[in-house]
Protein chains: 2
Amino acid sequence: MPSYEYARPALTTDCVVFGLDEEDLKVLLIKRGLTPFKGKWALPGGFVREGEDLEKSARRELQEETGLKDIFLEQLYTFGHPKRDPREHVVTVAYYALVNLSEHPPTADTDADEAAWFPFDDLPKLAFDHSEILASARERLRSKLRYSPIGFELLPEKFTLTQLQSLYERILDEQLDKRNFRKKLLKLEILEETDEIEQDVAHRAARLYRFDRKAYLEKQEAGLNLEI
Amino acid sequence: MPSYEYARPALTTDCVVFGLDEEDLKVLLIKRGLTPFKGKWALPGGFVREGEDLEKSARRELQEETGLKDIFLEQLYTFGHPKRDPREHVVTVAYYALVNLSEHPPTADTDADEAAWFPFDDLPKLAFDHSEILASARERLRSKLRYSPIGFELLPEKFTLTQLQSLYERILDEQLDKRNFRKKLLKLEILEETDEIEQDVAHRAARLYRFDRKAYLEKQEAGLNLEI
DNA sequence: ACAAAAGTGTTGATCATACACCCATGA
DNA sequence: TCATGGGTGTATGATCAACACTTTTGT
């Protein structure tokens, strides 16, 4: 059955970009310059080109629309309800990405459209089924964080244990015990203690740690359980 | 940016159907009747039609090619490498399905092609990148089984605890302790004890249990951890 | 009576949780 | 010297892993 017997749905990629600052878990949205949903906020994304790899497409669109590149990106789910785009049947392969907000300030570069960070808990109405995609990405982030050290992607290279705990608390949406949290994370032996401390704080400065990717990969290979 | 500015990749769905019998974890394959890979074994699947929902498409192809319907089916991952199909760029949304083999005998109905069950550990060379899709489905099955009671989909409605344990052992590929396994599963309270026992065995007959879907959903709602 | 699998409890080790105070620093 | 968050240990209960024998049934 050759493909040209039937009309094809169109194919896009969309990307849920998460960032974290002192206040919130944030999401990067772009303001649409074109119909449909012109002027509405939406996920960055666009049509996949013939011959283009899906992840490459997601990364290309992300860079064109928000300036972001070389960031953590993982496939989320493919959404294909025939009516999700009012024009025609458009299937979208959704990705989610994590960035360190301190290196990607509140308003990113933009190619054509306006881009801005929104608190996840205070989002505008979104175009298409993008709210659904966002909810699904939020759920994935939560569950993935429980068994995989992806949180580091949201932090600067060097961070304090309190920053890390706060990240877990805000993403998992539950309070954690300080002592137990530290014990557990240090026991994993995937954090490297640096000899630096945080700067410019009006109290005792905390030690800075760094994620030890190599140690993590070795432990993962060895089949160790790295749940938090 | 309207979709017709660029040529579109084609879109298919493919389905990895797992079954379990006394011997093996098995996979349902079809023999391709058309080029490319004519005569080679492949996953059941085919082109998504304009206006057709993805999951519906996967189910339709599955029924057309293997006769299977109304089975557990879940989206796996979307594979889109531009060269995965030698003809042109074809993106496939892969699903995986679980069936109770005792109700779907070794050779299924077929629409156009030949369909047959193969032991997962002794597969023929497959068309396209279907080996990769299969490996990915196997991994998903393993990890999903650890925290979700999907194993019941592979068993008859009523089953013994030994059957269930054997299922876990074969999918997780590790030996489990009989007493601990029983304790753990019974404590979850998602198994309903029937008043029947297995028939025609040359030894003491085991009690039959049934998966209590309602109890499971309630516990899941309540946020209980149902890891094995 | 024998072969085959069913069924059943206890113990020790490990892990998770709960919890409160002193310390270092800058203002 | 005060305010702020940094950093630390222990005790209790819960959970997990290891382990072997008796029971039931069919042949």
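A, B, ... follow the sequence lines: proteins, then strands. Residue 1 opens every chain.
- For Arg207(A), taking side-chain heavy atoms from C-beta onward, the closest of the listed nucleotides dG9(D), dG7(D), dG7(C) is dG7(D).
- Rounded to whole angstrom, the span from the NZ atom of Lys187(A) across to the P atom of dT8(D) amounts to 16 Å.
- For a distance-only test at 3.5 Å, the side chain of Lys184(B) fails to qualify as a donor-acceptor partner of the base of dT15(D).
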Dump every N/O contact between nucleotides 21-27 of chain D and the protein below 3.5 Å, one line per pair.
residue: dT23(D); atom: O2; partner: Arg204(B); partner atom: NH1; Å: 3.2

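- Taking atom CD1 of Ile228(B) as the reference point, atom P of dA17(D) lies 12 Å away to the nearest angstrom.
- Within the structure, a side-chain polar atom (N or O) of Thr162(B) is placed less than 4.0 Å from OP1 or OP2 of dA6(C).
- Note on Arg182(A): every side-chain N or O is 4.0 Å or more away from OP1 and OP2 of dT8(D).
- Judged by the 6.0 Å and 45° rule, Arg140(B) forms no cation-pi pair with Tyr77(B).
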**Message:** Let's go through Arg213(B) and Glu157(B) carefully: what are the C-alpha distance in whole Å and the side-chain angles of both, what is the deciding distance for salt bridge (charged side-chain N to carboxylate O under 4.0 Å, His left out) to 0.1 Å, and is it a yes or a no?
**Reply:** CA-CA 11 Å; Arg213(B) 211 167 239 100; Glu157(B) 192 211 344; over 6 Å; no
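- A side chain to side chain donor-acceptor pair (under 3.5 Å) with Thr92(A) is found for one member of Asp14(A), Thr13(A), Thr78(A) and no other, namely Asp14(A).
- Here the C1' atom of nucleotide dA18(C) and the CD atom of Gln175(A) are 15 Å apart, to the nearest Å.
- Look at CZ on Phe181(B): it is 18 Å from C1' on dC19(D), rounded to the nearest Å.
- A salt bridge links Glu74(A) with Lys144(A): the distance from a Lys NZ or Arg NE/NH1/NH2 to an Asp or Glu carboxylate oxygen falls below 4.0 Å.
- Straight-line distance from the CG atom of Leu176(B) to the P atom of dA18(D): 11 Å, rounded to whole Å.
- To the nearest angstrom, P of dA13(C) lies 16 Å from CG of Asn180(B).
- As a whole-Å value, the separation of Glu227(A) CD from dT14(C) C1' is 16 Å.
- In this structure, the NZ atom of Lys183(B) is 13 Å from the C1' atom of dG7(C), given to the nearest Å.
- Across Tyr209(B), Tyr216(B), Phe211(B), a single residue satisfies ring pair (Phe, Tyr, Trp, His ring centres under 6.0 Å) together with Phe152(B), and that is Phe211(B).
- Between Arg146(B) and Glu174(B), at least one side-chain nitrogen of the basic residue sits less than 4.0 Å from a carboxylate oxygen of the acidic one, meeting the salt-bridge criterion.
- Using modelled atom types, one side-chain atom of Arg59(A) and one backbone atom of Ile71(A) make a donor-acceptor pair closer than 3.5 Å.
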